Amino acid sequence: GSFNHTNGKKFESGTIMIPLSGQDKAPQQIDFLINEIIQKDGLDVFAFHTGLDYTGVSLGSNSFRPLKKPEIALLVGDGVTANDAGEIWHLLDARFQIPVTMLPLNVFNSVDINKYNTIIFPQGVYGSITDTAKDKLKTWIQNGGIAIGLENAINWFQVSGLGKFEMKKAEEKPAANEPARLYADIEEYRGAQATTGAIFETTVDLTHPLLYGYYQRNIPLFKGNNLYMEKSKNAYANPIVFTDNPLQSGYISNENYAKIRGASVAGVSVMGNGRVIGFTENLAFRAFWFGTNKLLMNAIFYGPLIDVGSAR
């Protein structure tokens, strides 16, 4: 929750508090590291001399939840789309200097995954994951692991019983006034259904942990696929939803436009102590579409805090 310091500073949800006591580094060392963060990353940092100088949430109360350092595995190889895995690796390793283990699917099948608390599934085909590995993954999630899936990886989550990420189906019956289709038009029709690189508007719930650090209720998303997720019946389970008139730039067919309106972009499923977080979009597109990077980072850092009541 947000809280106010008596000097008039308001701290929003997602604020990180670093106590100086109980650390394995000396206060001076922590001070040095924090100053480095201020200079390099431009974050605002405030020092408190007491936990009692506030209105609203008490510092150190159970409104604060401990964060774990992410130990991340990124699945690669064997059907995982190389570009997508590379973009996520670049975001974490090159831009944020966050170490990440690249785990080929055949290694994932046989290796102990308990040294990781976060596993990222980029867009890809996951048919080579064995049933034994699937069971191992389920146990790992129940014990507190965070699985994050992007684009069609969430179809694999759905069929593997890792969560409810149902996609909207195409309308079966053609419209009454639609002309008969000709064989010669197949190619053209098929091409017209591709959605590549158009920009769509979403409405977001700024109080949800996936949206910590965002300030605007509307976020433009870069979409390069035809995945349109059904909204969850749980009103708390749709933190990012396409608006009713979302096209901001680019092309989309009428058929797909009917599906994207009100479709859900992100969803969370709960298994035991863990979370399965799915996004229908590429959040790290080509290291130039920065606006959605923070959604992925929030899933990594704040995923464990997402309330059971907001599950799909």
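What you see below is based on every heavy atom in this structure, not just the backbone, and it leaves out hydrogens, waters and symmetry mates. Treat the numbers as computed from the prediction; the structure is a model and nothing was measured.
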- Set of side-chain hydrogen bond (donor to acceptor under 3.5 Å, both in side chains) partners for Asp44, sequence neighbours left out: none
- Task: Return yes when atom OH of Tyr257 has more than 12 non-hydrogen atoms of other residues, nucleotides or ligands closer than 6.0 Å, and no otherwise.
- Result: yes
- Under 3.5 Å donor-acceptor, Asn109 side chain and Ala133 backbone: no
- Item | For Asp131, all residues meeting side-chain contact (heavy atoms from CB on, under 4.5 Å), sequence neighbours excluded | Lys134
- Message: Other members of the hydrophobic cluster containing Val308, with the 4.5 Å side-chain heavy-atom rule, please.
- Response: Val270
- Query: Donor-acceptor pair, Asp84 side chain versus Gly124 backbone, under 3.5 Å?
  - Reply: no
- Message: side-chain contact (heavy atoms from CB on, under 4.5 Å), that's the test. Do Ile240 and Leu211 meet it? Break it down for me.
- Response: CA-CA 9 Å; Ile240 311 170; Leu211 280 305; 3.9 Å; yes
- Query: Judged by atom type as modelled, is there a donor-acceptor pair below 3.5 Å linking the side chain of Asn225 to the main-chain atoms of Thr280?
  - Reply: yes
- Task: Could you list the residues that satisfy side-chain contact (heavy atoms from CB on, under 4.5 Å) with Phe301, not counting sequence neighbours?
- Result: Pro70, Ile98, Met297
- Message: Are Leu103 and Ile148 linked, directly or through intermediate hydrophobic residues, by side-chain heavy-atom contacts shorter than 4.5 Å (ILVMFWY only)?
- Response: no
- Query: How many angstroms lie between atom OG of Ser269 and atom CG of Leu162, to the nearest 0.5 angstrom?
  - Reply: 8.5 Å
- Task: For residues Phe108 and Lys136, report the shortest heavy-atom separation together with the two atoms involved.
- Result: O-NZ, 2.5 Å
- Message: Same cluster or not: Leu75 versus Val100, using hydrophobic residues (I, L, V, M, F, W, Y) connected whenever any side-chain heavy atoms lie under 4.5 Å apart?
- Response: no
- Separation of Leu67 CG from Met17 CE (nearest 0.5 Å): 10.5 Å
- Message: Checking Tyr302 now: which residues fulfil ring-ring contact (aromatic ring centres under 6.0 Å, His included) with it, not counting sequence neighbours?
- Response: Tyr212
- Tracing side-chain contacts under 4.5 Å among Ile, Leu, Val, Met, Phe, Trp and Tyr outward from Leu182 reaches none
- Are the side chains of Tyr126 and Asn155 in touch, meaning some heavy atoms are under 4.5 Å apart? no
- Which distance, rounded to the nearest 0.5 Å, do you find between the CD of Glu281 and the OG1 of Thr292? 9.0 Å
- Using distance alone, with no hydrogens and no angle criterion, decide if Asp78 and Asn106 have a side-chain donor and acceptor under 3.5 Å apart. no
- Message: When you compare the side chain of Thr101 with that of Ile72, does any pair of heavy atoms fall below 4.5 Å?
- Response: no
- ILVMFWY cluster, Met229 and Leu221 together (side-chain gap under 4.5 Å): no
- What's the verdict on ring pair (Phe, Tyr, Trp, His ring centres under 6.0 Å) for Phe242 and Tyr228, showing C-alpha distance, side-chain angles and the deciding distance? CA-CA 10 Å; Phe242 287 111; Tyr228 307 102; 7.4 Å; no
- Item | Within 45° cone of Phe157 ring axis and under 6.0 Å: Lys164 NZ or CZ | no
- Please check if Leu283 and Ile146 belong to a single hydrophobic cluster, counting links between Ile, Leu, Val, Met, Phe, Trp and Tyr side chain heavy atoms closer than 4.5 Å. yes
- Message: Run the side-chain hydrogen bond (donor to acceptor under 3.5 Å, both in side chains) test against Asp205 and tell me which residues pass, sequence neighbours left out.
- Response: Thr207
- Go through the steps to decide whether Glu151 and Leu227 satisfy the test side-chain contact (heavy atoms from CB on, under 4.5 Å), and finish with yes or no. CA-CA 7 Å; Glu151 298 193 75; Leu227 295 170; 4.0 Å; yes
- Task: For atom CG of Asn254, decide whether the heavy atoms of other residues, nucleotides or ligands shown that lie under 6.0 angstrom number more than 12.
- Result: no
- salt bridge (Lys or Arg N to Asp or Glu O under 4.0 Å) with Arg275: which residues, sequence neighbours excluded? none
- Are the side chains of Asp41 and Glu36 in touch, meaning some heavy atoms are under 4.5 Å apart? no
- Task: List in chain and number order the residues that pass side-chain hydrogen bond (donor to acceptor under 3.5 Å, both in side chains) with Trp156, two or more places apart in sequence or in another chain; answer none if no residue qualifies.
- Result: Ser160
- Message: Using a strict threshold of under 4.0 Å (side-chain N to carboxylate O), is an ion pair present between Glu255 and Lys259?
- Response: no
- Give a yes-or-no answer on whether the side chains of Asn238 and Ser264 include a donor-acceptor pair shorter than 3.5 Å. yes
- Item | Donor-acceptor under 3.5 Å (Glu187 side chain, Ala184 main chain) | no
- Nearest heavy-atom contact between Ile154 and Gly278 is CG2-CA, 3.4 Å
- Message: When you measure from the side chain of Asn282 to the backbone of Phe285, do you find a donor-acceptor pair of N or O atoms at a distance under 3.5 Å?
- Response: yes
- Query: Counting distance only, does the side-chain N/O of Gln23 pair as donor-acceptor with the main-chain N or O of Pro19 below 3.5 Å?
  - Reply: yes
- Item | Worked verdict on Ile252 versus Phe200 for side-chain contact (heavy atoms from CB on, under 4.5 Å) | CA-CA 10 Å; Ile252 185 170; Phe200 299 93; 3.8 Å; yes
Only distances under 3.5 Å count here; give the side-chain donor-acceptor pairs of residues 113-123 to other protein atoms, sequence neighbours excluded, each with its distance to 0.1 Å.
{"unit_1": "Asn114", "atom_1": "ND2", "unit_2": "Asp112", "atom_2": "OD1", "d": "3.0"}
{"unit_1": "Asn117", "atom_1": "OD1", "unit_2": "Glu71", "atom_2": "N", "d": "2.8"}
{"unit_1": "Asn117", "atom_1": "ND2", "unit_2": "Lys69", "atom_2": "O", "d": "3.0"}

- Nearest heavy-atom pair of Ile260 and Lys223: which atoms, and what distance? CD1-CD, 3.8 Å
- Note on the structure: In terms of heavy-atom contacts, Pro239 and Leu210 come closest through CG-CD1, 4.3 Å
- Are the side chain of Lys233 and the backbone N or O of Ala237 linked by a donor-acceptor pair below 3.5 Å? no
- Do Ile88 and Leu296 pass the side-chain contact (heavy atoms from CB on, under 4.5 Å) test, and can you show the C-alpha distance, the side-chain angles, and the key distance before you say yes or no? CA-CA 9 Å; Ile88 295 165; Leu296 179 57; 4.3 Å; yes
- Query: Just wondering, are more than 12 heavy atoms of other shown residues or ligands nearer than 6.0 Å to OH in Tyr251?
  - Reply: yes
- Co-membership, hydrophobic cluster, residues Leu91 and Phe279, 4.5 Å side-chain: yes
- For Val204, does its backbone N or O pair with a side-chain atom of Arg217 as donor and acceptor, under 3.5 Å? yes
- Note on the structure: Sorted by chain and residue number, the side-chain contact (heavy atoms from CB on, under 4.5 Å) partners of Lys25 (sequence neighbours excluded) come out as Gln29, Ile30, Leu33
- Task: Give a yes or no answer on whether the side chain of Thr202 reaches the backbone of Ile219 with a donor-acceptor pair at less than 3.5 Å.
- Result: yes
- Message: Quick test of your reading of the model: are Glu230 and Lys168 salt-bridged, counting only N-O distances below 4.0 Å?
- Response: no
- Over all atoms of both residues, closest heavy-atom pair of Gly309 and Tyr236: O-CB, 3.9 Å
- Task: Can you sort out the partners of Gln248 under side-chain contact (heavy atoms from CB on, under 4.5 Å), two or more places apart, ordered by chain and number?
- Result: Ile199, Glu201, Pro220
- List the atom of Val276, the atom of Ile141, and the distance in Å for their closest heavy-atom pair. CG2-CD1, 3.7 Å
- Under 3.5 Å: donor-acceptor pair, side chain of Thr139, backbone of Asp135: yes
- CD1 (Ile277) and CZ (Arg312) are apart, to the nearest 0.5 Å, by 13.0 Å
- Task: Using distance alone, with no hydrogens and no angle criterion, decide if Ser253 and Asn256 have a side-chain donor and acceptor under 3.5 Å apart.
- Result: yes
